Amino acid sequence: MPVRQLPEQVVNRIAAGEVVERPASVVKELVENAIDAGASRIDIFTDGGGRRRIGITDDGDGMTSGDLALAVDRHATSKLDDEDLLRIRTLGFRGEALPSIGAVAKLGITTRHVSEPHAWSLSVEGGEKSAIVPAALSQGTRVEVSDLFYATPARLKFLKTDRTEAEAIREVVRRLAMARPDVAFTLSGEERAPVTWAAALPGAAGRLTRLGDILGSDFRGSAIEVRSEREGVVVEGFAAAPSLTRANALGQYLFVNGRPVRDKLIIGAVRAAYSDYLPRDRHPVVALFVTLDSAEVDANVHPAKTEVRFRNAGLVRALIVHALKDGLAREGKRTAANSDGAALASFRPSFAPRANWDWRRSPAYPTGPLPSFDGSAVSAFAEPGQAAFDVGTPTADVRFQETPSADLLDRPLGAARTQIHETYIVSQTRDGLVVVDQHAAHERIVYEKLKASLARNGVQRQLLLIPEIVELDEATVERLIARAEELASFGLAIESFGPGAVAVRETPSLLGKTNAASLLRDLAEHMAEWDEALPLERRLMHVAATMACHGSVRAGRRLKPEEMNALLREMEDTPNSGQCNHGRPTYVELKLADIEKLFGRR
C-alpha cells in the first residue's frame, strides 16, 4: 500500500482521540482555558453525563474576533510567549483542545474582549468552521458543546452510563477547584442540585476552607498543615491525621504549579511517611501542592496533561516525605477521639422513657399512699424495687485511689484513677477524663525506643543462657535465616538448627522476657509480603514494629497506680503517641463540657 497524506478531518479526529477521551476530558480542557483567561468565576453545566451537552461560562478576559478565528485551528495558542516548552506557566499550551472538540462534536463559542464593542460568536461542527458573527455577552467566554462524538459514533460505545460519566466530570471539577481556591466554581445539571464552591481568601486558611468544602468536614477537622522547602522546590498543603483513612489511595491529591496531576511518586512518598501510623490496608487523605521552577518539570509528557516528569524526582519525593513526617510528628498526639468527636458520638443514653410512659405504673412504684421520707420510707418500696438500688460492693478495679495531686491533673494525660477490665486506664485531667488502651500505648513507646536505640548505637541485646529452639516449617526457616543479618541489627540473633527449626541465641533487652516462637512466626508472615524493592530502612521498621507489639504490656495485665502514671508520663514524652504503630488510637479524651452535654447539664 503506497504512503499517502491523511485528510485534515482524519488528522483532527486522531488528535481528538488523544485529547478527548470522555466528556470529563472536554470539561477539563475548557475549565483550564477559563482559568488561564483569568476567570474569577466559572459555571459548568452538563446533561446526559456530558454526552448531550456541556456548557462552560467564565468571566475571564475573553477573545477578540481575530483571536476567536484562530482559536479553533490546530496548534494555535495564546499561552506560549515563545517556542520554549520547558517554561510552561499555564494549564494549557498545545492549542489542541478546541479544534479536537470541534472535530468530534458540535462546538459553539461566544466571547467578548474588553477592547471590543460587543461579543463575537463562532461554531464548529464536525471540524467545519462557520463565519464569525456578532453576539450578545457582557464579559468573558461561553462555550457550548453538544452531541459529543456524533462525528465518531464508535467512541460512543466506549462511554459508560450517564451517572458514571457525570461523576467523572464532578471529580475533574473538584480537582481543579482544589487547585484554585481563589476561583468560584458552580457545577449544575444532571438533575442534581447545583454545587457551588465560593472563592476563598488567599493563604493557607483559604486553601483549607476550599479543601474542607470539597473533601468534607472530617478532613477539615483532622487536617494538619505541612510544608517543606529546599533548592527552590516548595511542598505545602494539608494532610489528614491518621484517624481519617480510606480503603484506597483515591483520597491523595497532588498539584504541581497549580496543575492537578496523577503521579505514582506521591503514592509511594505518602505511604512511606505514614508507614508508622496506619495499618497496611488503609490509606490517608492528603492534598499536596508542589511549586517549583517551570524549567524543572516537564508537563508535556502526556496528551491529556495528567502526568508530569520532574527533573529531580528524588528531591520532590524527599520533600513530600519530610513535610508529612514533620507535620505528623508535630501533631502526633492527635487521635480519632480527639479530632472528630467520634468518641462522644458513640455515647448514647441506655434508657429513654417513652413520651406516654406513666412512671406510676412501674412495677417498682408502690401501690397505696406515698410514704413520708423520714428514713423509714425505704421499707415502703417493694422487694424488686429494692433490688434495683443494690449496686453491690465496689470491685478492686475502681476502689483506688486518693485525690490526685494538682501537678498530675495539669499534665496532658492527667492522673491515673483506675484500671478497667485490666485493659484500659482511666485518668483525670483538669477539664475532663482520658481513657488509655494500655497495650496500644506501650506498643508505641517500645517502638519509638527501638528506633531511637537503633539510630543511636544499636539495640542492646540479652544473651540467653540456653538458646530457645523454635520449630517452624522449612520455608519459614529459610525466610528467617535469609534475613538474619537484618534481624541481628535489632538484637535478635538466630541461626539455623536443622531443616525445620531455628535457634534463638539473643533477644533485644528492651523487650524483656518474650515468646520467641510467636515473635518469629509474626516476623516470617510480614517478610512473606516484602518486596525486594522495599528499602532496607522500611524493612527494619517493620521488624521493629513487630517486636514492639510482642514486647508491650498486654491487655489483661493488672497494673499498679504507679505503673499507670508512669505509662502516662512516658506517653507524654514519646513522639507520635496518639496512635500505636498499627494505626489504632492509643487514648480517647472527653472534655468535661462534653460529658455535661451527655447528661443534659449544658
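Throughout, residue positions are numbered sequentially from 1 according to the sequence presented. Since the structure is predicted, the reported quantities are computational estimates derived from the model, not experimental observations.
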Using a 3.5 Å distance criterion without hydrogens, assess whether the side chain of Thr164 forms a donor-acceptor pair with backbone atoms of Lys160. no

Check [Y] with [X], please: is the shortest side-chain N to carboxylate O separation under 4.0 Å?
X      : Y      : value
Arg41  : Asp43  : yes
Asp573 : Arg569 : no
Glu589 : Lys591 : yes
Arg227 : Glu229 : yes
Lys560 : Glu563 : no
Glu422 : Arg558 : yes
Asp213 : Arg220 : yes

Going by the rule side chain to side chain donor-acceptor pair (under 3.5 Å), which residues pair with His322 if we only count those two or more places apart in sequence or in a different chain? Ser228

Checking Thr57 now: which residues fulfil side chain to side chain donor-acceptor pair (under 3.5 Å) with it, not counting sequence neighbours? none

List the steps, then state whether side-chain contact (heavy atoms from CB on, under 4.5 Å) holds for Phe219 with Ile214. CA-CA 9 Å; Phe219 180 82; Ile214 295 174; over 6 Å; no

Just how far is it from atom [atom1] of [X] to atom [atom2] of [Y], taken to the nearest 0.5 Å?
X      : Y      : atom1 : atom2 : answer
Leu176 : Ile44  : CG    : CD1   : 8.5 Å
Arg282 : Asn248 : CZ    : CG    : 8.5 Å
Asp437 : Glu443 : CG    : CD    : 9.0 Å
Leu328 : Leu278 : CG    : CG    : 8.5 Å
Asp218 : Leu244 : CG    : CG    : 6.0 Å

To check you understand the geometry: which heavy-atom pair defines the closest contact between Ala239 and Val226, and what is its length? CB-CG1, 4.3 Å

Give me the one residue out of Arg174, Arg175, Arg262 that meets side-chain hydrogen bond (donor to acceptor under 3.5 Å, both in side chains) with Tyr253. Arg174

All pairs passing side chain to side chain donor-acceptor pair (under 3.5 Å) where residues 189-210 contributes a residue, at least two apart: Thr46-Glu190, Thr186-Thr196

Both conditions, 6.0 Å and 45 degrees, for the charged tip of Arg444 above the ring of Tyr277: are they met here? yes

Just wondering, are more than 12 heavy atoms of other shown residues or ligands nearer than 6.0 Å to OH in Tyr424? no

